[in-house]
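Read the numbers this way: they start at 1 and go in the same order the structure lists the ligands and their atoms.
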Amino acid sequence: MKIIVSGGGTGGHIYPALALIEALKIKDPTTEFLYVGTEKGLESRIVPDNHIPFKTIKIQGFKRSLSMENVKTIQLFLKSVKDAKKMIKAFKPDIVIGTGGYVSGAVVYAAARLHIPTIVHEQNSVAGITNKFLSHFVDKVAISFESVADQFPKKKVVFTGNPRAQQVVNETKIDALSEYDLSDDIPTMLVFGGSRGAEKINQAMVTAIPELNKKPYQILFVTGNVHYDKIMDNLNGVQLNKNIIVKPYLNNMPNLLSNISVILGRAGATSIAEITALGLPSILVPSPYVTNNHQTKNAMSLVNNNAAKLITEDELTGEKLVEVVDELMLNDGVRKQMAGNSRKMGVPDAADRLIVVMEDLIKKRK
Ligand SMILES: CC(=O)N[C@H]1[C@@H](OP(=O)(O)OP(=O)(O)OC[C@H]2O[C@@H](n3ccc(=O)[nH]c3=O)[C@H](O)[C@@H]2O)O[C@H](CO)[C@@H](O)[C@@H]1O
């Protein structure tokens, strides 16, 4: 089988695509892949690092107001569809899958025009702009939250969950904490603000660290690559006890997550899929800067099931952070109950479900 996958911009669109590729490789090691992304997106680093053939096209997002930039965007879109068609004709895929982000708009649209079977995968509880556009042209729309179903053409929707969920669950458990000089017999909290880091969470952590230094639990604090130097400057002179480790980015998230007791972070859809697949309790600070406030909706699905605590960005201070973190980290019973609720919401076989949809589609076309 030959498959083109396209998705990019942020980790939330890239890691589900990589997880699907991994599951397909396990099923049939002869499967051939081409990943199409952009030079600027995180995918241009992450995909080649995972040894997957990678090609780029140029594309940019629409501005919300009418502007000359949008004229340029349309020109770029038409050009990128043309480039994508060339790549598709040369590679001859059996199917093309988009996992969101502008780049997948051009690639999946081009494939649909060439009558190749197409699927988009929607990770969020609110339809992304690209997937909404593509849903009119593709064969199937795979979703990860039931609540998003009515935002797409009804007949095309199929619930699969997010393939990254299956990847983190199937990862062999190793003691990934020792790599960070952390012990594996003390509860550990992982703090990260999505794939790019979150300034507000980072600031609250910096304020909270003198207090967190004294706690009987440990913390792996991931700032995001672009924020790391600034945070280390801000921490200049603040003593870090050995229970707190600060890192810019983690490349081994699937290994690490099964060693974690609580996650504090944003409410990006792929993070939520990981959290629920592993049955982890979480403290979520949704980003208010995303389309239609979709991270709050993502987060509320967990909060309403007592699987997560919510802190809004407005409420987030160092003091508030310590208060909520203590509630979970100092209380085994609360963690256990939330963990059970979280696990009930997970879809640990999401990649297999998506593969079935792909295989059916290919069979029907043949
Ligand atoms: C600001 C923005 O537009 N955010 C969107 C973006 O978030 P973002 O890209 O932050 O996506 P998610 O939180 O969904 O996923 C982050 C992914 O990065 C991984 N990771 C993170 C940090 C790290 O050091 N190492 C690492 O591997 C996580 O394990 C996870 O797999 O895509 C998501 C999925 O469409 C959306 O729900 C978010 O609203």
Main-chain N/O of V138 paired to K156 side chain as donor or acceptor, under 3.5 Å:
yes

Hydrophobic clusters join Ile, Leu, Val, Met, Phe, Trp and Tyr when side-chain heavy atoms are under 4.5 Å apart, directly or via other members; which others share one with M300?
V303, L310

Students should find that the hydrophobic cluster of L284, defined by side-chain heavy atoms under 4.5 Å apart, otherwise consists of F145, V168, V169, L177, Y180, L182, L190, F192, L220, V222, I245, L250, M253, L256, L257, I260, I263, I272, I275, L278, L280, L302, M345

For the pair F133 and F77, name the ring-plane relationship: parallel under 30°, tilted 30 to 60°, perpendicular over 60°.
perpendicular

If the criterion is any heavy atom closer than 4.0 Å to an atom of ligand 1, which residues make the list?
T10, G11, G12, H13, Y15, Q123, N124, R164, F192, G194, S195, V222, Y249, L250, M253, G268, A269, T270, S271, E274, V290, H294, Q295, N298

Interatomic distance, E274 atom CD to S258 atom OG [nearest 0.5 angstrom]
11.5 Å

Sequence neighbours excluded, the answer for ring pair (Phe, Tyr, Trp, His ring centres under 6.0 Å) partners of F159 is none

